[in-house]
Every structure is written in structure tokens, then in C-alpha cells.
Amino acid sequence: MITGATDGIGRLAALRLAEEGHELLLHGRSARKLAAVESEVEEAGASSVTTLRADLSSLAAVSDLAVLLETQLDADDGASLDAIVHNAGVYGAEDPRTADGLDVRFVVNTLAPYLLTRRLGPFLGAGSRVVSVASAAQSTVDLAALRGELQLSDGAAYAQSKLAMTMWTLHLSAESSPGPKPAYVALNPSSLMATKMVADAFGLSGSSANDPDRGARILQQAAVGEEFGEADGAWFDGDAGQAGEFAEPHADARDADLRRELVAAMDELLSDHVRS
């Protein structure tokens, strides 16, 4: 499953995985773009394609998406998810406040993937992967901003939401019950790639930005590559070396107490805003 699969590195990674014949669950917001990417990956060789339309800036819509996936997977006896690639992300927005009164960056980049991972946990086991696509841009999380009590600039909200994503990913790795479980990995696919989000945020495109295929290749490897399957609790930096390297995450992501404090705040928010 890839979220944000209709544009940028999410779409390119879906095409790479389709060429290998994988079964794909592809998420997007636009019905038109989902239809286009569905056609592309079918032509590329995917063994099956299911499209999932949802606005991840709405926690209610994220919950509905989880219910849909739970129902579909339950209907297929013994079904499991080999990988969830949390690729969807938001940097800038004309109105950064959602209907729930939260910052859209924290909702899409942090809370939505966490909620999906929690809800789909029964379908993730030994050999599965949870891949959180974060960023090199990371800064200490202000819990007041997470709760929607403090408005941040685009850059600050994005950097904090991406560190929060990394922190909950490593928290789930460290705090999971003993026994078979998925590999939880957070990564920076590559900085300032020639994608729509980078163009909108920084005005970089074409030859002035990095090749998005580098990031797509890293997502492909994170989803199915052997090296990532053995990297539970790891951080991968796509900017390091010729092809990216596993590296030390941000200091806050290494702090178990800070991770627990963040996840407790996230759980409290979700209990307030998402029906059980």
C-alpha cells in the first residue's frame, strides 16, 4: 500500500513495483489522478491494483479508509499487508487549519499515518514493513502546535511534523509486544527533488532540483528490498552516500521518553477526534 501514489515519488515507486508484478493498493485524493495511475501501473505489469480515495487531512476520512481496508482484508481470508509506505505529505496550505482545528501538516504527515498503522496492525506481521517517508527537515516538536494550540510557519510545521512521524515510527518499533511484528523504518528519500510539493514550496524544478527517481528507488527498496526487511527501528538517509545509507536519526527520535510523551499526546488527540 502506498499513500500519496498519484504524484511525485509515490507514483514513480508504484510504477517500479508494478514492473516487478506486485499487488498494489494505491491511495490518492483525486479520482481522476487515481484512474490515471491505475491505468499506468496495470500497463507496467502489476498483478492487481486497488485504488483508495481519501482526504488524509480529515481524521474522519482516515478512519473511514481504515474501515474500508479492514473490511476488504477481512473478506480475503488470511490476507495481510506486506508493506505500508506512508508517502503522502503536505508542506504549504492556504489555510493550514483543518475542520478539526488542527494543523494540516501534523494531520497528514503525522496523525493520519499513525492512525492507519494502528488500525491495520492485525494485518501486519513478521515480514511486513511500515515505511514512514519523513524528511531531512526535522525540528523538535512543540506539543502545543501538534494539538492545534499554536500556529507555525509552513517550514516549522513541516519539519516538526516529519520529526514526529519519525518518532512514532521508532516508538512502535521499540514498544511493540514481543513476537512476530513488522519492521518499522523511517527515512528521508532525498532532499529537494523535482516534485510538485518541492516546486510549490521552494520554486525548484527540473535541472535545479534532484532527480525524483532516486527517492522512488529508495521507496521501492524500503517496500520490498531485503536490507530494509532487517532494519526494524532504523533511520535511512537518502542524501547520504551514492545511494543513501542507514544513519543515526535526530536526537529526539533516539529519546524513548520524548517518543512516549509525543505518542501519548497523539493518542489523546485521536481519542478526542476519531470515533471508535
Side-chain angles (χ1 to χ4, degrees), residues 1-7 10 24-31 33-34 49-76 79-90 93 95-125 128-134 141 143 145-149 157 160-162 164-169 171-172 175-177 181-182 184 186 259-260 262-276:
M1 176 180 173
I2 304 175
T3 66
T6 58
D7 287 296
L24 299 175
L25 299 170
L26 303 180
H27 157 267
R29 288 187 303 165
S30 162
K33 289 185 176 182
L34 278 171
V49 186
T50 301
T51 58
L52 306 161
R53 185 183 178 195
D55 181 355
L56 300 188
S57 70
S58 164
L59 291 174
V62 177
S63 180
D64 289 344
L65 175 59
V67 170
L68 174 63
L69 285 162
E70 289 166 340
T71 302
Q72 289 183 348
L73 292 167
D74 276 333
D76 184 1
S80 63
L81 286 168
D82 294 323
I84 302 178
V85 180
H86 293 301
N87 169 69
V90 173
D95 181 3
R97 191 161 295 277
T98 71
D100 294 314
L102 303 173
D103 188 298
V104 68
R105 278 66 60 102
F106 280 107
V107 175
V108 175
N109 301 346
T110 308
L111 293 167
Y114 175 74
L115 176 58
L116 281 174
T117 300
R118 284 297 209 190
R119 292 282 291 272
L120 297 175
F123 305 100
L124 296 163
S128 298
R129 294 110 184 265
V130 175
V131 179
S132 294
V133 182
V141 181
L143 295 182
L146 171 72
R147 298 186 183 103
E149 300 164 356
Q160 290 191 30
S161 68
K162 287 298 189 178
M165 182 188 216
T166 302
M167 291 173 71
W168 71 248
T169 304
H171 170 84
L172 291 185
E175 303 290 328
S176 295
S177 300
K181 69 182 184 74
Y184 294 93
R259 294 195 309 251
R260 291 189 194 101
L262 169 72
V263 169
M266 291 169 58
D267 286 337
E268 182 177 356
L269 270 177
L270 291 174
S271 70
D272 290 341
H273 291 286
V274 179
R275 62 182 181 276
S276 58

> Donor-acceptor pair, T3 side chain versus A88 backbone, under 3.5 Å?
Replying inline: yes
>> Once rounded to the nearest 0.5 Å, what's the spacing between atom CG of L120 and atom CG of L115?
In response: 8.5 Å
> Can you tell me how far OG1 of T166 sits from CG of N109, rounded to the nearest 0.5 angstrom?
Replying inline: 10.5 Å
> If you measure only the distance, is there a donor-acceptor pair under 3.5 Å linking the side chains of R29 and T6?
Replying inline: no
> Among all residues two or more places apart in sequence or in another chain, which pass the salt bridge (charged side-chain N to carboxylate O under 4.0 Å, His left out) test with D64?
Replying inline: R275
>> Under a 4.0 Å threshold between the charged nitrogen and the carboxylate oxygen, would E268 count as salt-bridged to R147?
In response: no
> Between T169 and H86, is any side-chain donor less than 3.5 angstrom from a side-chain acceptor?
Replying inline: no
> Which distance, rounded to the nearest 0.5 Å, do you find between the OG1 of T50 and the CG of L26?
Replying inline: 8.0 Å
> Hey, what do you get for CG (D103) to CG (L146), rounding to the nearest 0.5 Å?
Replying inline: 9.5 Å
> What distance do K181 atom NZ and S128 atom OG have between them, rounded to the nearest 0.5 Å?
Replying inline: 11.5 Å
>> I need the S176 OG to H171 NE2 distance, nearest 0.5 Å.
In response: 8.0 Å
> Below 4.5 Å, heavy atoms only, C-beta onward: do V62 and L111 meet side chain to side chain?
Replying inline: no
>> Quick one: does any side-chain atom of T98 pair with a main-chain N or O of D100 as donor and acceptor, under 3.5 Å?
In response: yes
